[in-house]
Amino acid sequence: MKERIFASAGAIALAGVLSACAGPKMPPYPLPDEAGLYAITPEDELMRLDGDSRWEVKSWPQRADLNRFTEFVIYDPMIPRDSRTDRSLATIWRVAWLRSEIDSRGFAGPIDGSEWVVAPLDSFIVPATAEPVQGWPGYVHVVPDRPLQPGLYSLKLNRGGRERIARFGVGWNGIDKRRYAARNCVDRYSETGSQYRACADDQVTRQDVSTEGLEITLVDPTRRGTTLVVQGIVTNTTERAKRLPSMRAILLDKAGRRLTNAVIVPRKSDLSAGERLRFRTEIANAPPTTARIDVDFIPMTSAGK
C-alpha cells in the first residue's frame, strides 16, 4: 500500500486528452489509476479510503472527517463490463455499535472493549445510487440520495474481483460518540450465527441478573496432550432460585499475565435454592506456560425473547 491518502488522477486525465477524438469522454469528476475505494473531495481530489490495517490507522484522522455532500468512486477491473445502474452494485452502511452478544439461552454478555460493526439491517443502509462510469469499464460512481448525517459509515463494493470495503466518517471527529452509539446500537445473536438486531427492537427487554450467592469451586485441571480440561462446581448458596450466567476460564502464566480465555456455558440456566451443578470444558492448544486458572462469572443481562 502506498503511503498516500490523496491520489492523483493525472494519468487518466491526460490519456483522455490525447485520445479525445477516439476515446471515451471523461466524466466531470476525477478517476483513479489504482484499484480501490475513493472519496471525491470538494477540491476534486481523490481520497483513498481502503488499505492495509497500518495504513488505515495512520490515515483515519483524514478519512474520519468527510463532508456531508461527499460522492465516491470505486475502481476494480473485475467489475462486470455489462453492469448497469444498480443500488446493489455498491452500498453505503451506517456503522453500528455492538452492545452485547446474546447466547442461545437469551443471556446477553458484554463485549470486550468497544466494537463497531456493519449490521446488514434495512435501518442501517444508506440510500445511494451506484452507477457505472460510461466508457470506463471497472469504474463505479456512488452518490448518496441525500446529504450524509454526521456519523460513522462503511462503503462496500458488492461485485468485483474481491470484496472491497472501507470505513469513513462524516464529521466524526466532532460528534458526541456516546449519543451516536446509543442511537445506532445492535446486539449479536450467536444462536443464529451472526444475526444482528437493533437494540431498540421491541422484542428485546433487559433486566439485571445478579450473581450474588453463586459460588464457584474448581477441581484440579487435567491435561491430555495440548488440551486442558477445566472443571468444577457451581453452588447456589441462597434460599431462592438464581439465574446462572456463563462463566469465563482465564489462563495465566507464573507472572499473572493473561494467556487466553474460554467461555463456559452451563447445562442449565437456573439453579434452585442450595442446588449444585458440575461444569466442564476442554481448552484445545492451551499454552504450555499456563500456571494458574481463574474462573469467574461473565456479567450478564437477560435479553428476553
Side-chain angles (χ1 to χ4, degrees), residues 1 5 35-39 47-57 59-66 68 70-76 78-79 86-102 108-130 140-173 175-201 203-204 303:
M1 172 55 59
I5 185 168
L37 309 179
Y38 298 82
M47 178 186 290
R48 185 72 182 258
L49 298 178
D50 61 325
D52 59 36
S53 57
R54 176 177 168 273
W55 179 89
E56 288 182 346
V57 170
S59 65
W60 178 244
Q62 292 79 34
R63 294 185 294 112
D65 206 28
L66 303 188
R68 298 180 60 200
T70 301
E71 298 180 2
F72 306 89
V73 172
I74 300 174
Y75 176 44
D76 186 328
M78 299 302 292
I79 292 175
D86 184 354
R87 287 182 181 271
S88 66
L89 181 59
T91 47
I92 301 174
W93 296 88
R94 198 166 64 255
V95 176
W97 174 65
L98 182 60
R99 178 176 63 177
S100 55
E101 296 269 9
I102 313 297
I111 304 298
D112 289 336
S114 184
E115 186 172 346
W116 299 92
V117 298
V118 176
L121 303 173
D122 289 345
S123 58
F124 289 97
I125 194 167
V126 177
T129 299
V140 177
H141 184 209
V142 183
V143 183
D145 288 2
R146 45 186 182 270
L148 297 170
Q149 296 299 312
L152 196 60
Y153 295 89
S154 184
L155 173 63
K156 181 180 179 182
L157 173 65
N158 299 314
R159 288 185 233 160
R162 62 182 177 85
E163 181 182 84
R164 293 184 182 274
I165 187 167
R167 189 164 295 181
F168 65 91
V170 173
W172 181 249
N173 295 330
I175 72 171
D176 185 333
K177 296 174 179 57
R178 286 179 178 269
R179 179 175 296 180
Y180 175 88
R183 292 177 175 175
N184 299 275
C185 169
V186 296
D187 293 317
R188 184 163 55 205
Y189 288 73
S190 58
E191 183 181 20
T192 52
S194 293
Q195 180 179 338
Y196 295 94
R197 293 184 196 169
C199 298
D201 191 331
Q203 296 179 3
V204 178

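Treat the numbers as computed from the prediction; the structure is a model and nothing was measured.
Between Pro61 and Asn173, the shortest heavy-atom contact is O-ND2, 3.5 Å. When every heavy atom of Pro144 is checked against every heavy atom of Ile92, the shortest pair comes out as CG-CD1, 4.0 Å. Summarising the geometry of Asp76 relative to Ala35, their closest heavy-atom pair is CA-CB, 4.5 Å, with the distance given to 0.1 Å. Minimum interatomic distance between Ala130 and Ala90 (heavy atoms only, all atoms of both residues): CB-N, 3.8 Å. Closest heavy-atom contact between Thr91 and Trp93: OG1-NE1, 3.2 Å. Contact between Val186 and Cys199 at its shortest, heavy atoms only, is N-SG, 3.3 Å.
Distance check: His141 NE2 to Thr129 OG1 gives 10.0 Å after rounding to the nearest 0.5 Å. Expressed to the nearest 0.5 Å, how far CG of Asn184 lies from NZ of Lys177 amounts to 13.5 Å. For the atom pair Leu121 CG and Tyr196 OH, the distance stands at 9.5 Å (nearest 0.5 Å). The CZ atom of Arg167 lies 13.0 Å from the CG atom of Leu37; values are rounded to the nearest 0.5 Å. The line from CG of Leu49 to CZ of Phe72 is 6.5 Å long, rounded to the nearest 0.5 Å. In this structure, the separation between CE on Met47 and CG on Asp65 is 8.5 Å, given to the nearest 0.5 Å.
Looking only at side-chain heavy atoms (C-beta outward), Leu89 and Ile74 stay at 4.5 Å or farther from each other. Contact of the Trp172 side chain with the Arg63 side chain is not registered, since no non-hydrogen atoms from C-beta on lie closer than 4.5 Å.
The aromatic rings of Tyr180 and Trp116 lie tilted to each other, with the angle between the two planes from 30° to 60°.
Between the Arg188 side chain and the Leu98 main chain, no donor and acceptor come within less than 3.5 Å of each other. Formation of a donor-acceptor pair under 3.5 Å by the Arg68 side chain with backbone atoms of Leu148 is found in this model.
With no hydrogens or angles considered, no side-chain donor-acceptor pair links Arg94 and Tyr153 at under 3.5 Å.
Ion pair Asp187/Arg197 not flagged as a salt bridge, since none of the NZ, NE, NH1 or NH2 atoms sits closer than 4.0 Å to an Asp/Glu carboxylate oxygen.
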